[in-house]
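These values consider heavy atoms only, across backbone and side chains, with no hydrogens, waters or symmetry-generated copies.
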Amino acid sequence: MFRRNAMSGHARIDALTQAGVFAEIDRCFARLMTDFGAGDDVALAAAATSAVHRNGHTCLDLRAAGKPIAALVEQPDSSRTAEALDPELRAIALPRRAILLEALARSPVVAAGETLGADRPLVMDQDRLYLHRLFDAEARLAARLIELAGDTGAVPATSPAIERMFDDREDRTAEAVVALRTALERRLCIVTGGPGTGKTTLAAKLIAVLVATGSAQPRRIGLAAPTGKAASRIQESVRGKLGESLLGRVAGLYEFPAEAWTIHRLLASQTSRLNRLDALVVDEGSMADLPLMVRLVSALPEHCRLILLGDANQLSSVEPGSVFSDLCRAGERGPLSACVTTLRKNYRFRADSGIGRLAQAVVAGNVDGAIELLKDGRDGETGLLRLEDEAAFDEFARECATEWNKHMAALEADPEGASPFPARRVLCSHRRGPFGTDRFNRLVERRLAELGRRTEHDDFYVGRPIIVSRNDRQTNLSNGDTGVVLPTNSGRTRVWFPDLDRDGERYLVSPSRLPQHESFFALTVHRAQGSEYEEVVFVPGDAESRVNARELFYTAVTRARERVTVLANEKGVRAAVMRTTSRATGLLDRLR
């Protein structure tokens, strides 16, 4: 037990680190700041700034000064809550705002006011305290995007060129026409819209209109996404959309390689690929974090157009920032106002579609409407199954294991004809904890062992679903790629990655060559972002968890094409739809 009056200086930081509120890196950073001349209050603020960036914040909001640190920096996906701490630890707080601002302004480790351009570890800008690298990234990204938005020296849009992008059967929505015009007239074009609003179709038309007007050479148009899975999906989708009708209408479009890269791979190939681009189309923009986006825009050639596609209502990136959401909000007024287009018409979900109506209710924060839709279930597309405790979760895992066992038997009997994965996909809010994917995957594999499907020494049993967790150039596998273990005629097993198939040939990798990987009978919603499944079962988990927010709920629901079932109690649904994710950043203010 610590007495509050005894916890001065680094004793407070040490105590919070021992309790799991701060990580060891936060404590070490605070110690380093002290070595450079920071006082106790500044060292405590430094540790908090280091900690909150792991929650996705780019800065510490100094308007929260005076609040308990345990609640301020609580990690969302953690089973340890501030309420579970010793009361004396829970009471440790940042100094009051006036006192903290004065201490930061005088500190030799903080750049502020007249010293804002100085190379110091921390930066105080208005009511925000940044790690220097994140302040620099945010400022550089905003400056470059404003520069792109203000460049109107591009080819003026012409109605005939835009009209050629549509045939008589296609819907010419005003939003699509505006986006095409923006892509021609400006070097920054941002398109946001939910699933089924035609973003992929529009991406193909954007590429085609750039080629048709000579605004970009077909071999100098890049296609990219933040993850390997998202890159694979946009590549196949754009190829299909171009082949349906556009190739015959736009001369030279056949020269467009239609090869999508991950942003990381594109940056790694900067000298050979990125530097030659006339235009870059990036899909799933909401998954791109602040450090990645600033690297990308900084590496673009001066004349290059940037087209960003995504869904502003989806989850933000795992790493710091809410870049795409901030960009879309910046389109309401300010320098980016002419660059942002919102697609509203939905082609996937009917007006009376249960999934579409549920997604709209969640985005609007309509708690009663969302619960009513889930409990009604007459549309056949949505449903609510009560999940009261861990025992119910365990039973659900056992049921899923039986389903997987049947699917694995089908794969074993007909590896060429069976689908790689069952139609139903389980998505959880959490990775850890009683309702997390780690526990679910262990429960399923334990049951599969009981059913005789796998043995203790058989890691690559037929039908095992595998997700890659590290990029690997040797096998061309990326973090997030999913595969399944198949038998071969030789008696050995191979891992098939369906999303990487090309020209009808399966992409098979020997188990011995796999990079870091794990089983995935369930995925976190973050891991599933950018994917679509026929049926989704969503497990929000504890109602009190800060992870369960509106953006995550919406993302989970919109992964489903045909049916979504929420495995929770009514309290959990209500809490998730009411709670919104708010990340402390200064990007929106800079863009305005």
Legend entry - Distance-only polar pair, side chains of Thr585 and Glu138, donor-acceptor under 3.5 Å: no

Inset, instruction - Inspect the contact between Arg425 and Glu532 and indicate whether a charged nitrogen and a carboxylate oxygen are less than 4.0 angstrom apart. - result: no

Inset, instruction - Give a yes or no on whether the backbone of Cys328 and the side-chain of Thr192 come within a donor-acceptor separation of less than 3.5 Å. - result: no

Inset, instruction - Specify the closest pair of heavy atoms between Leu336 and Leu145, including all atoms of both residues, with the distance to one decimal. - result: CD1-O, 4.3 Å

Legend entry - Arg431/Asp438 ion pair, N-O < 4.0 Å: yes

Inset, instruction - Evaluate the ring pair (Phe, Tyr, Trp, His ring centres under 6.0 Å) criterion for residues Phe521 and Phe440: first the C-alpha distance (whole Å), next the side-chain angles of each, then the deciding distance (0.1 Å), finally the verdict. - result: CA-CA 8 Å; Phe521 298 96; Phe440 185 89; 7.8 Å; no

Inset, instruction - For the pair Asp394 and Arg439, evaluate side-chain contact (heavy atoms from CB on, under 4.5 Å) and give the outcome as yes or no after the intermediate values. - result: CA-CA 9 Å; Asp394 294 0; Arg439 184 163 178 268; 2.6 Å; yes

Legend entry - Heavy-atom side-chain contact between Asp289 and Val323 under 4.5 Å: no

Legend entry - Ala258 backbone acceptor or donor facing Arg239 side chain under 3.5 Å: yes

Inset, instruction - Start with the C-alpha gap between Leu274 and Leu267, add the side-chain angles, then the distance that decides, and say whether side-chain contact (heavy atoms from CB on, under 4.5 Å) holds. - result: CA-CA 7 Å; Leu274 189 57; Leu267 289 168; 3.9 Å; yes

Inset, instruction - Might you point out which heavy atoms bring Asn479 and Ser469 nearest each other, and give the distance in Å? - result: OD1-CA, 3.3 Å

Legend entry - Leu591 CG to Arg329 CZ distance, which is reported to the nearest 0.5 Å: 11.0 Å

Inset, instruction - Rounded to the nearest 0.5 Å, what's the gap from OG on Ser429 to NE2 on His526? Could you check? - result: 9.5 Å

Inset, instruction - Tell me, yes or no, whether the heavy-atom count around Arg590 atom CZ, taken from other residues, nucleotides or ligands under 6.0 Å, exceeds 12. - result: yes

Inset, instruction - I would like to know whether Phe396 and Val426 meet side-chain contact (heavy atoms from CB on, under 4.5 Å); could you show each step before the answer? - result: CA-CA 10 Å; Phe396 175 63; Val426 178; 3.9 Å; yes

Inset, instruction - Please check if any side-chain donor atom of Ser519 sits under 3.5 Å from a side-chain acceptor atom of Asn441, or the reverse. - result: no

Inset, instruction - Indicate yes or no for a side-chain donor-acceptor contact from Thr382 to the backbone of Leu373 under 3.5 Å, with no hydrogens or angles considered. - result: yes

Legend entry - Closest non-hydrogen atom pair between Lys375 and Leu384, with its separation: CG-CD2, 3.8 Å

Legend entry - Spacing of Leu202 atom CG and Lys241 atom NZ [to the nearest 0.5 Å]: 11.5 Å

Inset, instruction - State the CD-CZ distance between Glu534 and Phe421, to the nearest 0.5 angstrom. - result: 13.0 Å

Inset, instruction - Return yes if a side-chain donor-acceptor contact under 3.5 Å exists between Lys229 and Thr482, otherwise no. - result: yes

Legend entry - Any donor-acceptor N/O pair, Arg295 side chain to His264 backbone, under 3.5 Å: no

Legend entry - Ile190 vs Phe324 side-chain heavy atoms within contact, under 4.5 Å: yes

Inset, instruction - Looking only at non-hydrogen atoms, find the nearest pair between Gly228 and Ser478 and report the distance. - result: CA-CB, 3.8 Å

Inset, instruction - Show the numbers, then the answer: is there a side-chain hydrogen bond (donor to acceptor under 3.5 Å, both in side chains) between Thr197 and Glu175? - result: CA-CA 10 Å; Thr197 52; Glu175 293 87 355; over 6 Å; no

Legend entry - Over 12 foreign heavy atoms within 6.0 Å of CD, Glu399: yes

Inset, instruction - Name all residues meeting the salt bridge (charged side-chain N to carboxylate O under 4.0 Å, His left out) criterion together with Arg527; count only those two or more places apart in sequence or in a different chain, and write none if there are none. - result: Glu518

Legend entry - Single hit among Asp589, Leu290, Leu588 for side-chain contact (heavy atoms from CB on, under 4.5 Å) with Asp326: Leu588

Inset, instruction - Ignoring hydrogens and angles, tell me if any N or O in the side chain of Arg186 forms a donor-acceptor pair with the backbone of Ala149 under 3.5 Å. - result: yes

Legend entry - CZ/Arg172: more than 12 non-hydrogen atoms of other groups inside 6.0 Å: yes

Inset, instruction - Working to the nearest 0.5 Å, report the span between OG1 of Thr565 and CD of Glu535. - result: 5.5 Å

Legend entry - Main-chain N/O of Arg470 paired to Gln516 side chain as donor or acceptor, under 3.5 Å: no

Inset, instruction - Identify the heavy atoms of Ala208 and Leu253 that sit nearest to each other, and give their distance. - result: CB-CD2, 3.8 Å

Legend entry - Pairwise distance CG(Leu374) to CZ(Phe538) - rounded to 0.5 angstrom: 10.5 Å

Legend entry - Residues which pass salt bridge (charged side-chain N to carboxylate O under 4.0 Å, His left out) with Glu395, listed by chain and number, not counting sequence neighbours: none

Inset, instruction - Walk me through it: do Val539 and His430 pass the test side-chain contact (heavy atoms from CB on, under 4.5 Å)? - result: CA-CA 9 Å; Val539 187; His430 303 82; over 6 Å; no

Legend entry - Tyr507 side chain reached by Leu477 side chain, heavy atoms, under 4.5 Å: yes

Inset, instruction - Quick one: do Glu388 and Lys571 satisfy salt bridge (charged side-chain N to carboxylate O under 4.0 Å, His left out)? Show the steps, please. - result: CA-CA 10 Å; Glu388 298 295 350; Lys571 179 182 177 183; over 6 Å; no

Legend entry - Closest non-hydrogen atom pair, Arg386 against Asn569: NH2-CB, 4.2 Å

Legend entry - CZ (Arg348) with more than 12 external heavy atoms under 6.0 Å: yes

Inset, instruction - Tell me yes or no: between the side chains of Ser325 and Glu551, is some donor less than 3.5 Å from an acceptor? - result: no

